[in-house]
Amino acid sequence: MISQLSWKVGGQQGEGIDSTGEMIAIALNRLGYYLYGYRLFSSRIKGGHTEYKIRVSTKPIGAISDKVDILVAFDQETIDVNLQELHENSLIIADSKFSPQVPEDRKGNLYTVPFTEIADQLGTSLMKNMVALGASTIVLGLQPEVFTEVVTEVFAKKGPSVIAKNMEAISKGAEYFLAQQGGNPSNLQLEPADGKKRMFMIGNEAISLGFIAAGVRFMSAYPITPASEIMEYLSKKLPELGGAVIQTEDEIAAATMAIGGNFAGVRTITATSGPGLSLMTEAIGLAGMTETPLVIVNTQRGGPSTGLPTKQEQSDVNAMIYGTHGEIPKVVLAPGTAEEAFYDAIEACNIAEEYQVPVILATDLQLSLGKQTVEPLDFNRIQIRRGKLVMEDQEEQANGLFKRYAFTEDGVSPRVIPGVKNGIHHVTGVEHSETGRPSEQTANRKKMMDKRLNKLSSLRIPNAILVDAKQETPDVLFVSMGSTRGAVHEAAEQLEQEGMKFNHVHVRQLCPFPVQDILPYVQQAKRIVVVENNATAQLADQLKLYTGNAEKIASVLKYDGNPFLPSIIYQETKELMKSWQPSKTFVMM
């Protein structure tokens, strides 16, 4: 028996590929296994190749696996595109309907099962994915009954007969595979899991839960892949809590409406991806000038323009940090796991209100749509901090206007909501006085600029960087962000087994850049390898800008739309170490 394996299913969109992966993953999660799942899908509603890869383990995992142990194929394309991920003991379980073909050296790996034929005999070919699940259970050393609870929940609305038919399809698939092979032909049976209950969710779900826990009660947004799940989730949940979700006509309206919601005193958020963030740029400047809280989730995807809307990338770093005209304070947080995404969603709301600034929660497609095991959330960690929000009646001012933009020692002014007695003030996007009245007076302009820009000087978020530091003078310091952390860590540990000394710093606060936190590790390291999913080394540039040491910094980049596998980072780092050229960027396509 083995402690972990990788299972993948592939076919055409519309064939139930996602539901096949979901059902086996949920069943394994309920047995107590740790999981990390990733979907590869086309930017179309139906048709086009799609895959669902799941890594299963008895211990915590943080990345997609390099290889595939079990490949379930609904078409020939699935076999063709995945041959490079198979190893000598991998199994291919394919639908005999399409007469699967494999190279001669893979003949012993191929097992055919008439998925479609068995499903047709049971009444509909739509159940062929259930037949495939049944065959998979035999290889995994499981019983078809592990799916009973999941199938019952999924098809509850369709009635007992549909539930029974789907369970029968699973049983038939298991029986056929077992009869044809005379037993389990592999050694891929999983060791028993611990049976503990854990959540299994995508990052967008974790973010949505975080916003609910943070007290968010209004969301304005325009649908866009890969952020739409946040809007879909909250549109179901917020009305139950007295809140609302509004689908706006575009991202410009979404951002300005979110500013209006926060101005009124309701915690309001919006979510988008790269193209939508571009449209929100002017509104981000407005939030900065009016000092109105604004929280935006930016789920990065392949760009520019429409680019690769369903593929992985981390190329919006510069846009998130610098994407405003003029100069305003801004915060960019970058969680690396679904669990961090939950807590960071809450912290984003707190920071936005405490400092009265725009906060961008930066995720990427792998984190937002990849599904992973999450330990039970600790609600005792949750704090709601609303800063200098004024909701009580105020004393009347001499000129009748409230000093909404009053100069204060920490640069943060009292923020009054509409309706508070004696809280009347002007709000405008032009430069203004303490009461909000337009002002072009030079001394006031400089003082207001200094006030806004100095607000974040006291900002210190917990765990701005996450550090795995074993060495005082490591051979290599790995630096990462977002969903790359698990793959980097696995690659580093493999290199460590070969004698390399490493430290690993994962950056979770992109702006303001945590210079003092990261600088000691940069200074200690002999060489630095920055791993990121873009073509221009945007994180590495931030590191060079704020810490210097450019002669020690090199990059491992990937921008073909696919996430990093540990083996890629391992191989590229070994190549770097052979002939170190800090100015050279190593690109893996």
Check: Side chains of Glu313 and Asn533: do they bring a donor and an acceptor to under 3.5 Å?
Finding: no

Next item on the list: Enter the distance from Phe147:CZ to Ile170:CD1 here, rounded to the nearest 0.5 Å.
Entry: 5.5 Å

Next item on the list: May I ask you to say whether Glu532 pairs ionically with Arg485, meaning some side-chain N is under 4.0 Å from a carboxylate O?
Entry: no

Notebook entry, point to check: Do you see a donor-acceptor pair shorter than 3.5 Å between the side chains of Ser567 and Asp66?
Noted result: yes

Check: Below 4.0 angstrom, N of the basic side chain to O of the carboxylate: do Asp560 and Lys558 qualify?
Finding: yes

Notebook entry, point to check: Thr373 side chain to Leu35 main-chain N or O, any donor-acceptor pair under 3.5 Å?
Noted result: yes

Check: Are Arg55 and Glu490 within salt-bridge range, i.e. N to O under 4.0 Å?
Finding: yes

Notebook entry, point to check: Does the side chain of Asp69 pick up a donor-acceptor pair with the side chain of Ser6 at under 3.5 Å?
Noted result: no

Item checked: Distance in Å, Glu347 CD paired with Ile382 CD1, rounded so as to fall on 0.5 Å steps -> 11.5 Å

Check: How about Trp7 and Ser136: do any of their side-chain heavy atoms sit closer than 4.5 Å?
Finding: yes

Notebook entry, point to check: For Ser90 and Asn109, does a side-chain donor sit closer than 3.5 Å to a side-chain acceptor?
Noted result: no

Next item on the list: Assess the side chains of His504 and Ser480: does a donor N or O sit below 3.5 Å from an acceptor N or O?
Entry: yes

Item checked: Beyond-backbone contact of Asn463 with Arg508, side-chain heavy atoms, under 4.5 angstrom -> yes

Notebook entry, point to check: Is the backbone of His49 close enough, under 3.5 Å, to the side chain of Ser42 for a donor and an acceptor to pair up by distance?
Noted result: yes

Margin query: Ignoring hydrogens and geometry beyond distance, is a side-chain donor-acceptor pair present between Gln366 and Asp364 at under 3.5 Å?
Written below: no

Next item on the list: Please examine the side chains of Phe478 and Ile569, heavy atoms only from C-beta on, and report whether any two atoms are closer than 4.5 Å.
Entry: yes

Note to self: Could you check whether any side-chain heavy atom of Gln300 comes within less than 4.5 Å of a side-chain heavy atom of Ser273, counting everything from C-beta outward?
What the structure shows: no

Next item on the list: Report the C-alpha separation of Tyr38 and Leu365 in whole Å, then their side-chain angles, then the decisive distance to 0.1 Å, and conclude whether the side-chain contact (heavy atoms from CB on, under 4.5 Å) test is met.
Entry: CA-CA 10 Å; Tyr38 184 75; Leu365 186 142; 3.5 Å; yes

Notebook entry, point to check: Taking atom types as modelled, is there a side-chain donor on Ser125 or Thr116 under 3.5 Å from an acceptor on the other?
Noted result: no

Notebook entry, point to check: Going by atom types alone, do His506 and Asp468 pair a side-chain donor with an acceptor below 3.5 Å?
Noted result: no

Item checked: Check: Asp95 side chain, Phe115 main-chain N or O, donor-acceptor pair, under 3.5 Å -> yes

Next item on the list: Report yes or no: do Asp75 and Gln12 form a side-chain donor-acceptor pair below 3.5 Å?
Entry: yes

Checklist line | Lys53 side-chain N/O to Ser65 backbone N/O, donor-acceptor pair under 3.5 Å | finding: yes

Next item on the list: Before accepting this row, confirm whether a basic side-chain N of the pair Glu117/Lys128 lies closer than 4.0 Å to the acidic partner's carboxylate O.
Entry: no

Next item on the list: Taking atom types as modelled, find out whether Tyr52 and Glu22 have a side-chain donor-acceptor pair closer than 3.5 angstrom.
Entry: yes

Checklist line | Approximate separation, where rounding is to 0.5 Å, of Gln571 CD and Leu565 CG | finding: 9.5 Å

Check: Judged by atom type as modelled, is there a donor-acceptor pair below 3.5 Å linking the side chain of Thr270 to the main-chain atoms of Ala258?
Finding: no

Check: Going by distance alone, is a donor N or O of one side chain under 3.5 Å from an acceptor N or O of the other, for Thr337 and Glu339?
Finding: no

Item checked: Under 3.5 Å side-chain donor-acceptor pair for Glu498 and Tyr570 -> yes

Checklist line | Side chain Lys67, main chain Gln84, donor-acceptor under 3.5 Å | finding: yes

Check: Which class fits the ring pair Phe379 and Phe342: parallel under 30°, tilted 30 to 60°, perpendicular over 60°?
Finding: perpendicular

Next item on the list: Answer yes when Lys8 and Glu51 have at least one side-chain N-carboxylate O distance shorter than 4.0 Å, and no when they do not.
Entry: yes

Check: When rounded to the nearest 0.5 angstrom, what distance separates OG1 in Thr306 from CD1 in Ile224?
Finding: 8.5 Å

Note to self: Test side-chain contact (heavy atoms from CB on, under 4.5 Å) on Arg381 and Asp378; report intermediate values, then the result.
What the structure shows: CA-CA 6 Å; Arg381 288 177 55 182; Asp378 183 3; 3.4 Å; yes

Margin query: Assess the residue pair Glu229 and Lys236 against the criterion (salt bridge (Lys or Arg N to Asp or Glu O under 4.0 Å)); give the C-alpha distance rounded to whole Å, side-chain angles, the decisive distance to 0.1 Å, and a yes or no.
Written below: CA-CA 11 Å; Glu229 286 79 6; Lys236 297 174 184 176; over 6 Å; no

Item checked: Salt-bridge criterion met for Glu375 and Arg198 (N-O under 4.0 Å) -> yes

Margin query: Assess, by modelled atom type and distance only, whether the side chains of Thr299 and Thr363 contain a donor and an acceptor separated by less than 3.5 Å.
Written below: yes

Margin query: Minimum heavy-atom separation for Val216 and Cys349, please, with both atom names.
Written below: CG2-SG, 3.7 Å

Next item on the list: Could you walk me through whether Thr272 and Asn298 pass side chain to side chain donor-acceptor pair (under 3.5 Å), step by step?
Entry: CA-CA 5 Å; Thr272 190; Asn298 178 45; 5.7 Å; no

Note to self: Do Ile54 and Ile24 make a side-chain contact, defined as non-hydrogen atoms from C-beta onward lying under 4.5 Å apart?
What the structure shows: yes

Next item on the list: Please determine if Arg267 forms a cation-pi arrangement with Phe218, meaning its NZ or CZ atom is less than 6.0 Å from the six-membered ring centre and no more than 45° off the ring axis.
Entry: no

Notebook entry, point to check: Does the distance from a Lys or Arg side-chain N to an Asp or Glu carboxylate O, for Lys237 and Glu232, drop under 4.0 Å?
Noted result: no

